[in-house]
K.L.:
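Can you read through this structure? Questions will come right after.
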Amino acid sequence: MEAAIRWSPHATQHSPRFLIIDVATNRLRLCQIERYEKNKVKYKQICFRDKLPNYTAFDWSKRDEAIVGIGSASGEATIVQIDPDRPQGEFIHSFPIRHQRKCNSIAFSAKNYVATGLDRVRNDVCLNIYDLNHPSVTSTTEPYKKLASSEAISSIKFFSNQPDTLVAGVSRQCIRIYDLRESSAAGVAQYPTRQVHNIAIDPLDENYFISAGTTADPVVTVWDQRYVKQRSSNDGAVLDFRPIVDNNQPKPTTIWSLRYSGTKKGTFGVLASTGEFKIVELAQHSHQPDSDESSKVGPHAQNWESQHYTKMTHNLRYPSSDDRGMQDPNHVVAYDFMSPGNPFPGISALALHPNRDIEVLRVPPPAPSINVTALEEVYRDRTPIMRPSRRKGTVAEDLIELQNKSLSDKTDVSPDPRDTLTGRLDRLNVETSPRSVPLELSSHSSHQMHEDLLTLAFPNAKLPLDDYLKSLQTQKRRCQEGYNLDCRKNKEIVTNDRWLFDAWDLVERMETHAWNDGMAAKEGLDLAYLGVTSIWSNELTMYDQRLVDPDTKTSESVFSETVTEICEKKEFPPFSGVATERPDNRQLCLSLCGWNLSKKGLRERCGLLVDEGQYYKAIVLAVFQGYKDVALDILKETVKAKQIENIGLGAVIACNSVNEDQRHLCSWMADMTDEPYLKGLLAYFISGDWSTVVEMEQLSLPDRVGVALKYLPDDKLTHFLRLCTQKTVACGNIEGLLLTGLTNRAMDLFEHYISKFGDLQSAVLVLSRACPLYIQDARWALWKEIYLNQMQVWRTFLERTKYIKDHNLKSVSRDGLATTKPSSPSVSLRCHNCQQNLALRRDPRTSRSTSPSSEGEHHVAVACVPELQCADAALRVVHDVVGESGPEQDWCCADAEGRG
């Protein structure tokens with residue numbers, strides 16, 4: 001690093017000064033800003049000092065604006081006066097050392113101490129503290145304190161509010177905190193780590209400081225000094241960024257600068273040797289995961305144990321991939337935050353370029369906020385300026401109208417009146433439900449179409465604001481209509497969303513498979529709610545809670561035997577398809593995909609598709625499943641009824657092989673049609689390879705997986721399932737539940753799904769069958785807590801109670817033990833306005849740790865009292881909610897006077 005820039009700690013808006021430190025030329029330049037031209041800084045030099053000794057460290061005095069300190073390459077600390085009111089002068093003085101070596105860091109304290117950290121040499125101290133307050137201080141003055149004998153010190157910083165305390169990085173060893181008032185030289189606390197460089201302390205909360213890794217190790221650790229000093233089991237590190245910048249560059253990446261903003265608490269900047277410059281904002285949450293859940297083994301079990309997390313990251317400059325970046329005029333070689341005396345609102349930094357131009361880089365302000373009430377009304381100055389458009393039917397019917405409008409606007413076509421949500425989108429569906437999308441979108445992938453549906457095609461299509469406000473009521477209205485754990489009822493409520501409909505259809509199918517131990521072997525495993533990828537791969541990870549016999553040792557053979565026993569129990573026919581070593585696994589997976597394993601079941605399903613108008617889909621699925629005679633029968637019936645045209649498809653289906661002329665005909669038909677399933681069948685006829693069908697993302701994922709299970713060889717099937725699972729999880733594609741099942745991978749999938757679409761409600765309800773019965777993950781507890789609080793705000797108290805009761809019934813282990821634990825009393829009284837518990841204290845019985853029996857337990861989540869006049873009124877509400885014959889409840893109520 002050949003140059004640096006430092007904003008003056010004494011700067012004001014009337015005196016905006018900074019230093020440019022030219023390491024290569026041994027020069028200090030004190031500059032003052034004259035004006036800003038957009039982001040460019042026009043400045044003038046008001047003082048400079050040159051012919052300085054070679055230096056490797058720099059700091060500015062906290063007491064005197066005209067005093068700076070430099071640490072030389074020979075180890076001496078030199079105090080330099082840089083005052084524009086005086087002519088160029090000499091140094092005030094230097095502090096020589098006994099053994100010359102590099103000075104790595106220098107730091108001033110608010111008490112006018114200066115500390116230097118040196119490279120290691122045997123039998124000599126490496127951390128010297130000088131007291132500049134002494135009137136007779138000279139170059140021969142001995143250090144006030146000598147610390148860190150024979151230990152290289154890489155970085156030093158004083159705490160501003162504790163000027164006698166400093167934190168130092170001991171090279172390749174530890175972070176150590178020293179209190180200069182202590183007689184001991186050992187330090188008051190330390191913790192082993194290799195992140196000992198570029199230490200910075202948050203001036204807005206000095207409990208926290210950060211440090212970075214060494215050369216080619218771009219790791220940053222956030223520390224809490226309170227934990228370090230307590231010498232507790234917590235090591236003091238509250239966050240680790242590994243790496244914090246892009247490390248996939250041709251040359252190793254090193255962190256050049258690490259500084260706190262001084263403007264916003266928990267916000268720091270990072271500059272890498274590649275020119276990458278980012279600002280990271282940290283925050284804290286108050287969620288406390290249950291101790292039992294956080295202790296469980298899982299890939300994300302520890303995620304929420306720490307209260308600290310990354311709130312936002314701002315990439316102000318991206319890395320340069322080669323040496324040309326240093327000649328780029330926009331390349332950043334150094335930076336410093338403009339604090340204090342920042343003339344701009346928010347967080348701003350001065351960025352130094354290679355040609356010594358200076359630019360102001362500002363963090364983009366947060367998006368403007370609007371006041372939206374719980375009723376989705378927009379207010380300004382306590383006056384409503386916009387309300388949701390009027391409801392016309394159920395939530396599904398209203399969403400169908402909005403989705404048709406937005407998707408039609410995106411494609412700039414007028415939809416056929418016959419093509420409401422009963423038509424075109426249904427071409428990709430398995431079950432009967434009303435839904436649609438313009439035909440022009442059939443070339444898009446299934447996931448892209450779902451994104452358009454959930455986002456109302458924004459930004460390509462823009463609806464009136466009142467329609468958007470209406471869409472915000474979706475989750476509340478679904479809850480009011482009974483959206484809970486009943487799969488059949490849920491499918492009726494979400495008929496506007498084919499993908500969510502199919503997800504509930506999959507959950508219902510999994511539940512049917514698992515009924516009466518249908519997915520368990522007598523001496524094997526319980527495979528309930530596992531996905532296709534796990535079953536095909538005989539995946540054994542994290543299945544201890546699935547052991548039917550606790551003494552059984554899990555192995556791949558036990559898994560395989562369990563699958564075979566399940567297939568025999570369900571009387572599946574023998575697998576017919578590609579040669580395979582695991583036919584039973586394929587049959588069980590096909591059954592989870594919803595593929596019919598018998599000709600009779602296939603005829604019934606294709607008949608339903610024909611009744612819905614999905615003629616080509618019925619024909620193609622019959623071919624995919626290996627029943628060409630069924631496909632030809634359907635084709636003849638639909639052509640005879642003039643429901644589709646006779647395009648010669650029957651002759652191609654009936655052939656065992658396709659000649660060149662037929663292949664050209666199929667290619668022509670594929671170009672002329674927009675029907676995705678017909679395109680898929682024609683693609684197979686053209687190529688003769690089932691992989692072309694499997695790769696067609698326009699088809700629904702269950703049917704693509706079904707084709708892969710039936711026709712791809714074992715190695716290709718394994719590769720396809722692995723890649724497809726990774727992609728659906730990364731994209732938050734809810735179709736991927738078929739692959740992940742209700743496992744820890746489903747938690748990852750839903751994490752992305754929630755972040756993209758905000759549908760926390762569906763995630764909680766879908767996962768309720770497996771959490772915490774089969775999955776112990778801290779994210780689940782957080783999501784459930786948020787959803788229960790949201791139902792509290794919606795005032796859907798009975799629905800909340802029903803969910804808790806139904807979830808308890810489904811969270812019972814094979815031994816009949818409940819796996820859920822109550823986090824609140826069965827009955828509680830809350831304020832009408834803030835929804836907080838009215839109890840000043842809680843009955844000790846309500847904090848019991850044992851789980852209640854899931855049967856016969858009456859749960860009333862909330863009894864809301866608009867105006868509490870006395871405790872008798874509260875008793876009457878409890879009596880009305882619980883019922884006269886209900887069991888005894890744990891409840892408490894505050895003295896109502898003045899507390900409602």
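These numbers come from the heavy atoms of this one structure, side chains and all, not from hydrogens, waters or symmetry mates. All values derive from a computational prediction rather than experimental measurement.
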K.L.:
Side chains of Tyr208 and Arg226: any donor to acceptor distance under 3.5 Å?
P.N.:
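Their side chains do contain a donor-acceptor pair, which is all the 3.5 Å distance test asks for.
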K.L.:
For the residue pair Ile754 and Ala763, what are the closest heavy atoms and their distance?
P.N.:
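The pair with the smallest heavy-atom distance is CD1-CB, 3.7 Å.
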K.L.:
With a 4.0 Å cut-off, would you call Lys265 and Asp202 a salt bridge?
P.N.:
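Result for this pair is no, no salt bridge flagged.
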K.L.:
Restricting to non-hydrogen atoms, name the atom on Val125 and the atom on Asn128 that form the minimum distance, rounded to 0.1 Å.
P.N.:
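Taking Val125 first and Asn128 second, the nearest heavy atoms are CG2-OD1, 3.3 Å.
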K.L.:
Quick one, Leu30 and Phe18 - any side-chain contact, counting heavy atoms below 4.5 Å?
P.N.:
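Heavy-atom side-chain distance check fails, nothing below 4.5 Å.
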K.L.:
Pair Ser261, Thr263 - check side chain to side chain donor-acceptor pair (under 3.5 Å), show working.
P.N.:
CA-CA 5 Å; Ser261 72; Thr263 304; 4.7 Å; no
K.L.:
Applying side-chain contact (heavy atoms from CB on, under 4.5 Å) to Val114 and Ile129, what does each step give before you reach the verdict?
P.N.:
CA-CA 6 Å; Val114 62; Ile129 314 295; over 6 Å; no
K.L.:
Going by distance alone, is a donor N or O of one side chain under 3.5 Å from an acceptor N or O of the other, for Asn104 and Ser154?
P.N.:
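Distance-only check fails for Asn104 and Ser154.
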K.L.:
Identify the heavy atoms of Gly732 and Tyr753 that sit nearest to each other, and give their distance.
P.N.:
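Nearest pair, atom of Gly732 first, then Tyr753: O-CD1, 3.4 Å.
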K.L.:
Are Arg356 and Asp22 close enough that some pair of their side-chain heavy atoms sits under 4.5 Å apart?
P.N.:
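Heavy-atom side-chain distance check passes, below 4.5 Å.
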K.L.:
Checking Arg362 against Phe344: charged group under 6.0 Å from the ring centre and within 45 degrees of the axis?
P.N.:
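Yes, cation above the ring, under 6.0 Å and within 45°.
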K.L.:
Say you draw a straight line from CG of Leu782 to NZ of Lys784; how long is it, rounded to the nearest 0.5 Å?
P.N.:
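With rounding to 0.5 Å, CG (Leu782) is 12.5 Å from NZ (Lys784).
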K.L.:
Does a sphere of radius 6.0 Å around CD in Glu2 hold more than 12 heavy atoms from other residues, nucleotides or ligands, not counting ones at 6.0 Å or beyond?
P.N.:
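No.
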K.L.:
Donor-acceptor pair, Glu206 side chain versus Asn161 backbone, under 3.5 Å?
P.N.:
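Judged by distance alone, yes, a pair lies under 3.5 Å.
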K.L.:
First locate atom OG1 of Thr78, then atom CZ of Phe58, and finally report the distance between them rounded to the nearest 0.5 Å.
P.N.:
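Here the interatomic distance stands at 12.5 Å.
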K.L.:
Could you go through the side-chain contact (heavy atoms from CB on, under 4.5 Å) check for Tyr43 and Ile20 one step at a time?
P.N.:
CA-CA 11 Å; Tyr43 63 94; Ile20 297 178; 3.8 Å; yes
K.L.:
Kindly determine whether Glu735 and Ser446 satisfy side chain to side chain donor-acceptor pair (under 3.5 Å), including the steps that lead there.
P.N.:
CA-CA 9 Å; Glu735 285 184 305; Ser446 177; 3.2 Å; yes
K.L.:
So, do Leu19 and Ile5 sit near enough that their side-chain heavy atoms are less than 4.5 Å apart?
P.N.:
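Of all side-chain heavy-atom pairs linking Ile5 with Leu19, none is under 4.5 Å.
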K.L.:
Kindly say whether Val238 contributes a backbone atom to a donor-acceptor pair with the side chain of His308 at under 3.5 angstrom?
P.N.:
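Side chain of His308 to backbone of Val238, a donor-acceptor pair under 3.5 Å: no, none is there.
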K.L.:
Between the side chain of Ser537 and the main-chain N/O of Ser534, is any donor-acceptor distance below 3.5 Å?
P.N.:
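No: the side chain of Ser537 does not pair with the backbone of Ser534.
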K.L.:
Taking Arg779 first and then Glu751, would you say they form a salt bridge - that is, a charged N and a carboxylate O separated by under 4.0 Å?
P.N.:
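Yes, this pair counts.
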K.L.:
Quick one: are Trp783 and Phe750 in side-chain contact, heavy atoms under 4.5 Å?
P.N.:
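When only atoms from C-beta onward are counted, Phe750 and Trp783 do touch, with a gap below 4.5 Å.
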K.L.:
Side chain of Lys102, backbone of Gly75: donor and acceptor closer than 3.5 Å?
P.N.:
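Not a single qualifying donor-acceptor pair exists.
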K.L.:
Please walk me through it: do His353 and His331 pass side-chain contact (heavy atoms from CB on, under 4.5 Å)?
P.N.:
CA-CA 6 Å; His353 298 304; His331 188 85; 5.5 Å; no
K.L.:
Kindly write out the residues that satisfy side-chain contact (heavy atoms from CB on, under 4.5 Å) with Ala283, not counting sequence neighbours, or none if the list is empty.
P.N.:
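In terms of side-chain contact (heavy atoms from CB on, under 4.5 Å), with neighbours along the sequence ignored, Ala283 is linked to Tyr309, Lys311.
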K.L.:
Heavy-atom count check: over 12 atoms from other residues, nucleotides or ligands less than 6.0 Å from Lys278 NZ?
P.N.:
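Above 12, so yes.
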K.L.:
Give the intermediate values and the outcome of side-chain contact (heavy atoms from CB on, under 4.5 Å) for residues Trp780 and Leu767.
P.N.:
CA-CA 8 Å; Trp780 156 253; Leu767 290 169; 4.1 Å; yes
K.L.:
From Glu695 CD over to Phe720 CZ, what is the distance, rounded to the nearest 0.5 angstrom?
P.N.:
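One gets 8.5 Å once the value is rounded to the nearest 0.5 Å.
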K.L.:
Could you tell me whether the side chain of Asn744 and the main chain of Asp748 form a donor-acceptor pair under 3.5 Å?
P.N.:
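No, because the side chain of Asn744 does not come within donor-acceptor range (under 3.5 Å) of the backbone of Asp748.
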K.L.:
Report, as yes or no, whether the 6.0 Å neighbourhood of atom NE2 on His719 holds more than 12 heavy atoms from other residues, nucleotides or ligands.
P.N.:
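No - once you tally the heavy atoms of other residues, nucleotides and ligands closer than 6.0 Å, there are 12 at most.
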K.L.:
Kindly indicate, with the supporting measurements, whether the criterion side chain to side chain donor-acceptor pair (under 3.5 Å) is fulfilled by Trp223 and Ser211.
P.N.:
CA-CA 8 Å; Trp223 304 87; Ser211 62; 2.9 Å; yes
K.L.:
Hey, does Ile177 have a side-chain heavy atom less than 4.5 Å from the side chain of Leu166?
P.N.:
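No, their side chains stay 4.5 Å or more apart.
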K.L.:
Could you check if a side-chain atom of Asp164 sits within less than 4.5 angstrom of a side-chain atom of Asp179, using non-hydrogen atoms only?
P.N.:
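Yes, close enough: below the 4.5 Å cut-off.
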K.L.:
For Leu749 and Asn733, which heavy atoms make the closest approach, and how far apart are they?
P.N.:
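Reported closest heavy-atom pair: CD1-O, 3.3 Å.
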K.L.:
Crowded around Lys40 NZ? As in, over 12 foreign heavy atoms under 6.0 Å?
P.N.:
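Enclosed.
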K.L.:
Going from CH2 on Trp60 to CH2 on Trp7, what distance comes out if it is rounded to the nearest 0.5 angstrom?
P.N.:
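Rounded to the nearest 0.5 Å, the CH2-CH2 separation comes to 9.5 Å.
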K.L.:
Counting only N and O atoms by type, is there a donor-acceptor contact under 3.5 Å from the side chain of Ser105 to the main-chain atoms of Ile156?
P.N.:
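Yes, because the side chain of Ser105 sits within donor-acceptor range (under 3.5 Å) of the backbone of Ile156.
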K.L.:
Using atom types as modelled and distance alone, determine if a side-chain donor or acceptor of Arg101 lies under 3.5 Å from a backbone N or O of Asp119.
P.N.:
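Checked: pair present.
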K.L.:
Any donor and acceptor pair, going by atom type alone, linking the side chain of Thr254 with main-chain N or O of Ala216 inside 3.5 Å?
P.N.:
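Answer holds: yes.
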K.L.:
Roughly how far, to the nearest 0.5 Å, is the CG atom of Leu739 from the OG1 atom of Thr725?
P.N.:
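Spacing of OG1 (Thr725) from CG (Leu739) equals 4.0 Å.
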K.L.:
Considering non-hydrogen atoms only, spot the tightest contact between Pro364 and Leu316 and give its length.
P.N.:
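Looking at all heavy atoms of both residues, the shortest contact is CD-CD2, 4.5 Å.
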K.L.:
Do Lys756 and Asp759 meet the salt-bridge criterion of a basic N to acidic O distance under 4.0 Å?
P.N.:
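Salt bridge flag = no for Lys756 with Asp759.
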K.L.:
Does a sphere of radius 6.0 Å around CD in Glu451 hold more than 12 heavy atoms from other residues, nucleotides or ligands, not counting ones at 6.0 Å or beyond?
P.N.:
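It does: Glu451 CD has more than 12 such atoms within range.
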K.L.:
Is the closest side-chain heavy-atom distance between Arg722 and Thr533 below 4.5 Å?
P.N.:
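With C-beta onward as the side chain, the pair stays apart.
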K.L.:
List the residues meeting ring pair (Phe, Tyr, Trp, His ring centres under 6.0 Å) with Tyr55, not counting sequence neighbours, and say none if there are none.
P.N.:
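Partners of Tyr55 by the ring pair (Phe, Tyr, Trp, His ring centres under 6.0 Å) criterion come out as none, since no residue qualifies.
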K.L.:
Let me confirm one number: the NE2-CG distance from His197 to Leu258, rounded to the nearest 0.5 Å.
P.N.:
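Reported to 0.5 Å precision, the distance equals 12.0 Å.
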K.L.:
Tell me whether Gln448 contacts the main-chain N or O of Ser445 through its side chain, where contact means a donor paired with an acceptor under 3.5 Å.
P.N.:
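It does hold such a pair.
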K.L.:
Using a 4.5 Å cut-off on heavy atoms from C-beta on, say whether the side chain of Thr274 contacts that of Asp246.
P.N.:
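Asp246 does not reach Thr274 side chain to side chain.
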K.L.:
Does Thr56 use its side chain to pair, donor to acceptor, with the backbone of Cys103 at less than 3.5 Å?
P.N.:
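Judged by distance alone, yes, a pair lies under 3.5 Å.
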K.L.:
Looking at Glu359 and Arg317, is there a salt bridge between them, counting it only when a charged N and a carboxylate O are closer than 4.0 Å?
P.N.:
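Salt bridge flag = yes for Glu359 with Arg317.
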K.L.:
Less than 6.0 Å separating the ring centroids of Tyr335 and Phe277?
P.N.:
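Ring centroids of Tyr335 and Phe277 are less than 6.0 Å from each other.
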